[in-house]
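Side chains included, hydrogens not; waters and symmetry mates left out as well; all remaining heavy atoms used. One-based numbering along the sequence shown. We count ligands from 1, going down the list as the structure has it; atoms in each ligand are counted the same way.
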Amino acid sequence: MLPSLRGSLVNANGFPTAPASPIVEKRTDYMDVLYSVEDIVSDWEGYSRHLRVKNPDFHPRVLFVSHDMSEIENITLMALGGVVRSLNGTPQYLLVNPNNVSKIDEFLERGHPEWIGFNLYTGLTDHVFEWIRSYKLKSAEAILKRPFSNFEEADQALKNLVREAGGPVMSGGRVLYAPVITGGHYNNHDYKTSYERGADYAVRGKGINLLKDILMRQYAPGIYHDPITFPNIPEFDRAGFYADMAAFSDKTKKYPLSPVKSVLTALGCSYRCTYCYISSLIDNLKESYEGTGVKPPSIIQDRPVELILKEGLAIKELDKLYGIRTTAVFDQADISLNNLEWWEKLNPLWTSQVGIPFYIQARPAMLAGENGIKRIALIAKDRLVAGISMAIESGDPAVRRLLLKRLEGNEMITDALRNVKSFHIPIRTQAITGLPVIRPLRPTTADIGLVDKDKEYYYDDPLQETLKCLDLVCSSNAFSKEDYYWNSLYSPFPGTPLGDYSFQAGFHDGQTDNKEKAYMFTTECGLSCFPPAVTRKQVAFHRTANFFAHLQNGKDMMTLFIYSHDVFDLKIFADFIEQKHDLFKIPPRASKFGFVPHVSEEMLRDFFAHAYPQTEDAAFKEINIKLLPYYSALLDGLVLAAKIAVRYFKEKEKGTAFTLDLLTRVERNHYYDNSYNMAYLPAAYTAFLSGFTHETRQAA
Ligand code: SF4
């Protein structure tokens with residue numbers, strides 16, 4: 001029976017004792033797989049025990065591969081690894097990049113996996129597909145003992161072999177060919193490309209149930225789509241993931257050793273922001289249910305409180321193993337706080353047993369008004385939540401409504417900001433810089449665009465739109481030193497309504513492969529439609545916006561900065577700060593955060609004299625002196641200056657210059673340190689700084 005809006009998504013029996021028999025419907029390019037509640041596993045431990053008795057020889061070996069470019073640990077792989085563990089199998093994990101993708105071959109030699117699963121990210125797929133191409137050509141030639149003139153033929157031959165074998169191609173106990181399974185956001189839109197470029201199984205939508213049944217050999221090669229948000233993610237295989245990451249490389253060690261860990265309290269989001277993949281998930285679900293007469297279940301589902309608690313305790317156990325202290329858990333739920341009762345239940349259990357504060361993401365509508373205050377009061381209690389990230393995206397209500405489909409008004413946004421700040425919780429506002437707000441260069445068929453009832457809201461100068469969000473935050477009169485104005489340059493991901501609109505409108509070329517920088521939200525504008533001078537200003541805005549957000553007249557000062565220059569670098573920024581500092585209106589608000597909350601100019605000057613005594617560093621010292629108002633306006637400016645000095649000398653050692661981009665990065669990490677309770681005094685300057693710090697604020 002199809003799960004419905006009112007029905008439960010938890011299998012009351014815990015797990016199925018017979019092979020799952022979902023409704024499988026052929027669509028034009030893929031198979032829709034609609035599981036009933038009785039078909040899914042909700043009690044994974046029980047299922048594992050059941051399999052040990054019923055199928056004692058079943059121990060699937062799966063190698064999961066993704067990229068190592070994110071600072072955030074990969075919760076998808078840990079969740080899928082949890083499935084493999086519950087099937088009494090062995091998951092292995094490997095995170096690679098274009099330079100070391102060949103490490104997959106070494107893993108195949110050593111680990112002999114029966115399956116290879118790729119978690120694909122838009123913009124980071126070219127090297128993966130190249131590896132799959134070479135793997136399949138080599139495997140087909142070795143197994144079929146003949147050369148293949150083209151990849152398509154080899155790919156088809158292997159898919160046939162997998163179909164015949166019902167899974168991995170084996171000889172005796174030896175794996176001749178481990179089938180390729182792909183999933184991830186990229187696959188949600190480009191499932192056909194994945195399949196054509198070598199996936200034996202392309203999984204669109206949710207992967208938990210499909211992975212289990214692919215490994216149990218219930219499916220032939222193909223494209224499968226599970227659109228229902230069953231919250232039946234098993235306990236993460238955090239221990240296995242960390243062990244593999246710690247062993248693999250210095251780069252991947254950062255995941256187990258990081259003081260910030262990721263958790264997932266809930267799945268789904270009911271909003272439909274046009275730049276996000278979520279809206280397509282809602283449409284996919286609706287499409288799958290079309291004509292059934294059944295209302296689909298909600299896209300938003302909570303994971304069980306007990307499971308999150310268990311995962312929190314596992315983080316603490318692993319801390320002991322790796323000799324570290326996790327200081328914050330980042331909730332990767334698209335939107336936290338959907339279900340207040342859930343948080344109410346978690347609060348006493350989590351704070352008494354785990355005690356690591358959460359960092360969450362919430363919409364302005366959830367934080368505004370009386371209900372917002374109630375919500376914040378609950379999560380602020382016993383410091384369950386120590387930081388909130390809140391997306392604004394644009395300061396122009398017309399852009400938010402017509403282009404982004406975000407319907408909250410400016411008043412609601414500033415009210416939310418003020419509510420959060422009334423509890424002294426650090427907030428990170430999020431904005432998108434470089435949105436496609438100019439008139440389309442070509443007609444589009446999209447139902448988005450800046451036209452409403454014959455009135456146009458397009459911008460001749462797109463920078464004016466970008467400045468509005470800064471203005472909204474500055475004029476809220478609530479933004480404090482500990483708060484961070486996060487902004488990313490817009491990346492048009494295909495398959496999102498805004499990405500497709502941007503392509504149709506002629507704002508970019510539609511190519512996403514090899515755009516790592518866009519994926520990482522770093523320094524490149526995602527659109528190619530703006531004149532170079534505008535792009536330079538957008539990038540300068542991106543790099544300096546957090547400083548200007550801490551001025552009451554931030555919008556005017558940013559306007560002066562970007563319109564009075566054509567090129568931007570650290571020296572130009574520092575000169576501007578020095579020359580215009582009399583115009584800056586720095587709010588008098590005090591902050592309780594930071595080691596040295598009240599920094600005087602004299603303290604900063606003393607530090608620069610201490611840090612840069614050599615004449616060869618005189619130029620950089622001079623830049624720092626010009627930046628005095630910058631350090632004074634930002635959180636813990638003296639410690640920030642010390643972190644900048646550390647980075648400057650590191651770059652000097654490498655023979656590279658300290659740029660404006662680096663200033664932005666050090667500044668951003670400095671704010672993250674505070675948000676995630678990992679503020680520290682740089683070791684090189686501890687002796688100097690500790691003279692100024694209050695004893696209760698000394699670094700651990
Ligand atoms: S609120 Fe966040 S997760 Fe939800 S649709 Fe918008 S951007 Fe996506």
Side-chain angles (χ1 to χ4, degrees), residues 70 72 75-76 121-123 184-189 205-206 227 229 231 233 262-286 296-303 330-340 358-368 371-372 375 387-397 399-410 412-413 416-417 420 427-436 446-448 469 486-502 518-519 521 526:
S70 170
I72 299 166
I75 59 168
T76 302
Y121 282 71
T122 305
H185 272 319
Y186 174 88
N187 236 40
N188 192 48
H189 175 254
K206 303 291 161 201
T229 317
I233 298 175
S262 288
V263 292
L264 182 71
T265 61
L267 286 81
C269 169
S270 58
Y271 292 99
R272 304 179 64 98
C273 308
T274 56
Y275 51 91
C276 174
Y277 280 114
I278 288 288
S279 57
S280 63
L281 302 183
I282 300 172
D283 291 341
N284 295 349
L285 179 61
K286 270 194 183 156
S298 166
I299 196 105
I300 301 172
Q301 299 291 335
D302 300 311
R303 292 181 73 208
F330 193 104
D331 184 10
Q332 299 287 346
D334 294 320
I335 292 288
S336 305
L337 304 189
N338 282 307
N339 182 349
L340 216 54
F358 276 84
Y359 192 93
I360 61 163
Q361 311 182 76
R363 291 276 304 218
M366 291 175 166
L367 303 171
N371 283 338
R375 275 200 178 90
I388 299 178
S389 170
M390 181 183 82
I392 301 173
E393 313 302 21
S394 169
D396 180 344
V399 171
R400 282 202 305 273
R401 183 167 54 89
L402 299 170
L403 201 65
L404 308 180
K405 304 277 188 243
R406 292 179 66 98
L407 306 180
E408 292 131 328
N410 280 0
M412 183 180 275
I413 291 169
L417 200 46
V420 173
I427 193 163
R428 185 187 305 161
T429 55
Q430 296 189 320
I432 306 176
T433 298
L435 279 167
D447 74 335
I448 52 178
C469 193
W486 187 94
N487 79 104
S488 69
L489 292 155
Y490 175 61
S491 277
F493 290 128
T496 59
L498 193 61
D500 292 346
Y501 163 79
S502 301
Y519 164 72
F521 302 119

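The residue from Thr496, Thr122, Asn188 that alone fulfils the side-chain hydrogen bond (donor to acceptor under 3.5 Å, both in side chains) condition with Tyr277 is Thr122.
Other residues, nucleotides and ligands place no more than 12 heavy atoms under 6.0 Å from the NE2 atom of His185.
For Arg363, every heavy-atom contact with ligand 1 shorter than 4.0 Å involves the side chain, none the backbone.
Around atom 8 (Fe) of ligand 1, the protein atoms of type N, O or S that sit closer than 2.8 Å are Cys276 SG.
Under the rule for a salt bridge (Lys or Arg N to Asp or Glu O under 4.0 Å), Arg400 has no partner lying at least two apart in sequence or in another chain.
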Check the pair Thr229 / Gln301 against side chain to side chain donor-acceptor pair (under 3.5 Å), numbers first and verdict last. CA-CA 7 Å; Thr229 317; Gln301 299 291 335; over 6 Å; no
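Shortest non-hydrogen contact noted between Ser70 and Ile72 is OG-N, 2.9 Å. Taking every heavy atom of both residues into account, Asp331 and Thr265 meet most closely at OD2-OG1, 2.6 Å.
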